[in-house]
Every structure is written in C-alpha cells, then in structure tokens.
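The structure appears below as structure tokens.
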There are 2 protein chains.
Amino acid sequence: MKRPTLKDVARKAGTSPMTVSRVVNNKPGVSEETKARITKAIEELGYKPHSDARSLRVGKTCRIGVVVSDIRNPFYAEMVGDIEDLAEKVGMTVIVTDTERKLKQEQRALEALYNSGVDSIIIAPEGYNVEHLEAYKKNGINIVSFGVHCPEGHFSEVWIDEITGAKKVGAYLASRGIEKAILVMGNPRKFTTRGRTEGFIQGFGKDPNRILHLPVNWQSAYKAVIKLDKLPEAFFCYNDIMALGVIKALREKGAIPGEDVAVVGYDDVFFAELSALTTVRIDKTRMVNTAFSLALSDVVEKIKFVPELILRKSA
Amino acid sequence: MKRPTLKDVARKAGTSPMTVSRVVNNKPGVSEETKARITKAIEELGYKPHSDARSLRVGKTCRIGVVVSDIRNPFYAEMVGDIEDLAEKVGMTVIVTDTERKLKQEQRALEALYNSGVDSIIIAPEGYNVEHLEAYKKNGINIVSFGVHCPEGHFSEVWIDEITGAKKVGAYLASRGIEKAILVMGNPRKFTTRGRTEGFIQGFGKDPNRILHLPVNWQSAYKAVIKLDKLPEAFFCYNDIMALGVIKALREKGAIPGEDVAVVGYDDVFFAELSALTTVRIDKTRMVNTAFSLALSDVVEKIKFVPELILRKSA
DNA sequence: CTGAAAGCGCTAACAT
DNA sequence: ATGTTAGCGCTTTCAG
C-alpha cells in the first residue's frame, strides 16, 4: 500500500530506474518496445512521480506562492482563483497565505512561503518597505508585486494607478454638482489609501468634508455611517465591501443610495454589479495574467494598469 | 547567493550537520555551548530548513490539500481562510484546488493534490461516487469529506444535515401562510440540491410550484426570475449568491423582497447579513475546526451538523 | 539505446 | 554530547 517508486516500476518492467525516468519525462532515447513495457508497468502500479524528490534533485519546486491580505475578500478570492487557473495549465501548484487575519505581517507570510519552498511569489503588498521583498529576490525567488507601485524596488510589478482611478471618481462627483463628500478609507499608512485619497482630491478639486480611516470591512463602514449626524452628498469608499456597508447604513437611515446620496466603491467585485454599485474597475484578469507571466520569467518589468470608472445606479 | 544548507551551517559552526539538525529541530543532546554557536551560525547565514528534503526523508509533507468547487464563492473562500488559519498554527501549508472552473472534475483535482504531495485532503464533494475517495485513503492520504454525507464511505466526514435545514425553511414559509413557492436550485445530481429540495418539501408540506435547476451563480438566477411571467409568494434558493440574483431581479420588476415576495438563501455568507437576507446558517467555523482535526487524526468519524434558519428582512 | 554512480538536503539509527 | 553511515525518490552525468 506504499506509494510505488521509480524502482518499483523498473523492477516490474525489467529495466533500470533511469530508463523509467526517461519515459516519465518524455526524454528521447528509449526504444518503442521498452517504452511500451514501462508504460504498462506504470499503469498497473499506478505510479506517480514524487514531486518533492524531483524538486530536491532539480532545484525547482513548481510551486508559486501568493500573498494577499485576506482571501475572504472577493477581490483577492477572484485573484487567487485566476492564478490557480493559470497555474494548473502549466502544472504548477499554488500556495496562498493571507496576512490580515493570520500572519499579521508580510514578513512572516513571505518567510512561510520561502520555507515551504516556492519558485516565485506574487504579493499584493500593504504599506511598505521594499527591502524585505528584495531580500527574497536575492534568495533566488522571483517576486512580483501586485497592485502597489514602488519605483526603486528591484522586482517586477503590475501596479495600479490609484491616483488616476480615484481622480475619475472625484471629477465625476464634482461634475454632478456635489459639494460635500466623505471618504471611507482604510489605514492611512497603506499606499492604496493614500493614492485613492490623493487622486480623489485632485479630481474633486478640493478636500472632502471628512476622511474616515477605518478597518477594511463592511461593519466598520456601516457603524461609522450610522453614527453620522448629517449625511454628505456622496461617499467614496476604499472598496466595494465598505461601500455596501455604507449603503446598508444609508438604507436604515431612510436615505436612498443613488438618489439622496451617491456611493462609489472600488474593485468591481462580483457583487458590485449585483448591487448596482458605481465603482472603480481594475482589469484583474489581465493584471493577473501579466503578473503570472512575470512570476515565471526572469526579466524585471513594471507594468501600469489604469482603472476605469463604472457607473451604475448608486451614483 | 545559493540557499544555505545544513552543511554550510555545520562548517561555519565547526560541527557536523547532524548536530545542527538537532538544534534546528529542538532535539535534546546538544550542549548549551555548541547550541549557541550553531544558533549564531544559523542567524548569520540566514539558514532555513529545506522542507522538501525533510519531507523526503521523513515521509510527511506537512501539506494539506483542500478541494472546493469555486474559491470565488464566499462560502468556500471563508472555509479556506479558516483552514489556513488553523494550518498556520501547526506549521502546515495549504494547497487549494477548485474544480468548477479549472479542473472540472474532482478526480483531476485529487490527482493533482496527490502529485504535489499532501498528507491529507479536505474535500467538499459534489454529487458522488465514493470509490475514488477511498482509493486515496488507501494511498495513505487522509481524506475528510466536507458537507456531504455518504454513509458507506470509509473516510471521515463533517456533514450537513441538508434535509433538516431545508425543512425549517419550508415549515417557516408554510407557517407564514405562503402557498406558492419556487425553488432556485443547482444541478439536480448534486447531493446538496437533492437534500435541500427534499427537505423543503417535507417542511412545506407540499410540492413547490416550480423547481428551477440552474448553474450556480447569480446571473442565471437573475435571468430566470426576470423571465418569469408571474411571481410566486416565495423563493428558496440554493445559496445566498443566487438569492441575491433573485432579489436584484425582483427589485427591477418593482417587487419588494420581504414584503411582496419572500426570499430565502443558504450558507449565510458575509453579505447575507449585509443584505438582510434570510438564510440557512451553517456553523462553518466549528465545521472547519472539526474537519481539520479529523484531517490530522487517523480515526474515521462522521460528524453531523444541523443548520439553523436565520430570519432577516427578506422573508 | 541503456545503465551505474553520485548526490540534491535532510534525518533515523547506530556508533563513538 | 557529537559524529558517521546510509538512504528517502529522483535525475544528471558519464560510461557502456
């Protein structure tokens, strides 16, 4: 009942392990006849190559690590799903680590991935600190940063031009004659928070009434809006989830989102469309594809993606 | 720039690799003094154990595989997130595979996990076929089925009593005087579809007006409801996502969910609360905890979980 | 075309 | 308390 090995197959086929290895890896130099015998033995024993042993020998694991802040956030779930699709095609395995709830720090997540042996890592970093990323790069692990731009870092990136994206939101709201807006953002140390805030102000032409810095989940957004004495004309939220929290609160306060108050989200996750939420769309699929190719190549490239404003009923 | 090995550390500390190994694994039998020297060398070189090499030697990979139909479904994303939290605590690595979009078949997903070397697998199976699961069990891989009950299968399970759960929905709607209901379900070959349908009928006391068998996503539910000539008094949906699709369609038709038409979902994912959706709650956290322990133990147990009806505005 | 030898990094078992 | 030997399953290299 033990897992069969190359040797077992060799014995059964009456050859050496080496010849079996050649067959398994489609290497040339095996006569059709022995090949057939070996293939048959493989079938019968249900032999499958032992990938760890191979990795050890070859020095490549065919594993790719992904670091996201929370897999439960649909944006990241979709990203991970896309990466898995791509990985499957090229016979790689994906290992996901989330930092927000579990590891608390990217450092630990990266270390865990390094320890479990990955060839490359795609990471959606928080506010940062490049050095630790470059360290892994030097360890021979290919690093691709997803989302955040860090000009000095010597590793590949697919980054989002947050400023331009948020600017579109600000400009649109201003064009609708909106004067008073509240920003519902995340931690101000995050690059994303900063980019989205700054871009909004640029587009809006002036400061918003308030900027709330909250934990990134719908509950905190919901509570914050419930507590508000008077409502603004518009909310621009850090992501779609928080936007939904805002909408829930508005409804409970008797305000109709999209009529009384405009609400704009960010990410365009699947339920944004479902909820008729105006939001900023990132072309995730294309970004993921690019990130994945970069993860497998050894050139260093920094590729920019500009998000789009998607208008729906909520604004 | 190559990854340092035990040997490198040994050379640097002036000992044998074996002694270093003992220090790395906190094994007894090393004097404080050499231990200190070795620890220092480890620090300086930035040595990290090579887990594949260790796995090869020890025969355990400390990797756990998870098979779900779609990681993008929040129910599974939450499940995977919970598993990761648990795995991190015991120093294991999680490998996720989704079947719906990528591998199409559990068989292939399981094979992929087997090939990438996992100690155990937690699988949320679709309609099934036990044999292939038992095969892996025999290969020395511990299998835990998540969600579906399969009395004959010789592997552990944490299963959901779908019938009782759905019965509560049927009974509740009946008690509210509802006569005409439509079921928005998934593939009728799925165990879950069958259980939920049957349970509903038992609780409702009679057949629903219609049972729709649709692809499990909000779009299909939405379209189906849009096309409906006349609306029933209630919808019971396969999961929360489809329920939201129904709600979107109802709104567009000018019907108010929870007032004109009752809508009930299933799973209680995070946005069910957000959307005030009445739904059937599965105690996911407890289930995942149980599944995880079973995955690490070698007793075979089948543990039942009974879902609860959570009343919110939508019904 | 085929095989024997060596070794990837690690550790169990047995010395010393 | 420390070191030596052997070998996990595989593949690279070199020799037939």
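In what follows, every chain begins at residue 1, and chains take the letters A, B, ... in the order their sequences are listed.
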Salt-bridge criterion met for A:Asp85 and B:Arg72 (N-O under 4.0 Å):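 Yes.
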Those residues that, when tested against A:Tyr114, pass ring pair (Phe, Tyr, Trp, His ring centres under 6.0 Å) (two or more places apart):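 Here the qualifying residues are A:Tyr136.
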Please list, chain by chain and in numerical order, all residues satisfying salt bridge (charged side-chain N to carboxylate O under 4.0 Å, His left out) with [X], sequence neighbours excluded.
X: A:Lys284; value: A:Glu78
X: B:Asp8; value: B:Arg11
X: A:Asp52; value: A:Arg63, B:Arg63
X: B:Lys12; value: B:Glu44

Terminal axes of the helix from C:dC1-D:dG16 to C:dT16-D:dA1 (five pairs each): angle between them, nearest 10 degrees: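 Answer rounded to 10°: the end axes differ by 40°.
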Mapping A:Val24 and B:Gly29 to their closest nucleotides on DNA chain D, which lands nearer the 5' end?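 Closer to the 5' end of DNA chain D: B:Gly29.
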Base, sugar-phosphate, or nothing for A:Lys27, non-hydrogen atoms under 4.0 angstrom?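 Here A:Lys27 touches the backbone only, sparing every base.
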Mind checking whether B:Ser145 and B:Phe155 have side chains closer than 4.5 Å, heavy atoms only?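 The answer is yes, as the side chains (C-beta and beyond) meet within the 4.5 Å cut-off.
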What residues form a side chain to side chain contact (heavy atoms under 4.5 Å, CB included) with B:Ile83, not counting sequence neighbours?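 Per chain and number, B:Ile83 pairs via side chain to side chain contact (heavy atoms under 4.5 Å, CB included) with B:Val66, B:Met79, B:Val94, B:Ile122, B:Val288, B:Phe292.
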Judged by atom type as modelled, is there a donor-acceptor pair below 3.5 Å linking the side chain of B:Ser120 to the main-chain atoms of B:Ile141?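 No, B:Ser120 side chain to B:Ile141 backbone: no donor-acceptor pair under 3.5 Å.
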Return yes if some donor-acceptor pair links the side-chain N/O of B:Ser55 with the main-chain N/O of B:Ser51 below 3.5 Å, else return no.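 Such a contact is found between B:Ser55 side chain and B:Ser51 backbone.
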Does the side chain of B:Thr19 get closer than 4.0 angstrom to OP1 or OP2 of D:dT2 through an N or O atom?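 Result: no.
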Please list each protein N or O that sits under 3.5 Å from an N or O in nucleotides 8-10 of chain D, with the distance.
unit_1: D:dC8; atom_1: O2; unit_2: B:Arg57; atom_2: N; d: 3.4
unit_1: D:dG9; atom_1: N2; unit_2: A:Ala53; atom_2: O; d: 3.3
unit_1: D:dC10; atom_1: OP1; unit_2: A:Tyr47; atom_2: OH; d: 2.4
unit_1: D:dC10; atom_1: OP1; unit_2: A:His50; atom_2: N; d: 3.1
unit_1: D:dC10; atom_1: OP2; unit_2: A:Leu6; atom_2: N; d: 2.5

Please tabulate the protein-to-nucleotide N/O contacts below 3.5 Å involving nucleotides 13-16 of chain C, giving atom names and distances.
none

DNA chain D contacts made by residues 31-45 of chain B, counting heavy atoms under 4.0 Å: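 Those residues whose heavy atoms fall under 4.0 Å from DNA chain D, taken from residues 31-45 of chain B in numerical order, are B:Ser31, B:Thr34.
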Of B:Leu113, B:Ile64, B:Val144, which meets side chain to side chain contact (heavy atoms under 4.5 Å, CB included) against B:Ile121?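 So the option named by the test is B:Leu113.
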Sequence neighbours excluded - salt bridge (Lys or Arg N to Asp or Glu O under 4.0 Å) pairs with any residue from residues 285-305 of chain B: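 Found B:Glu157-B:Lys302, B:Asp161-B:Lys304, B:Asp283-B:Arg286.
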Just grab all the salt bridge (Lys or Arg N to Asp or Glu O under 4.0 Å) pairs involving residues 24-35 of chain A, residues at least two apart or on different chains.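 Qualifying pairs, neighbours excluded: A:Glu33-A:Arg37.
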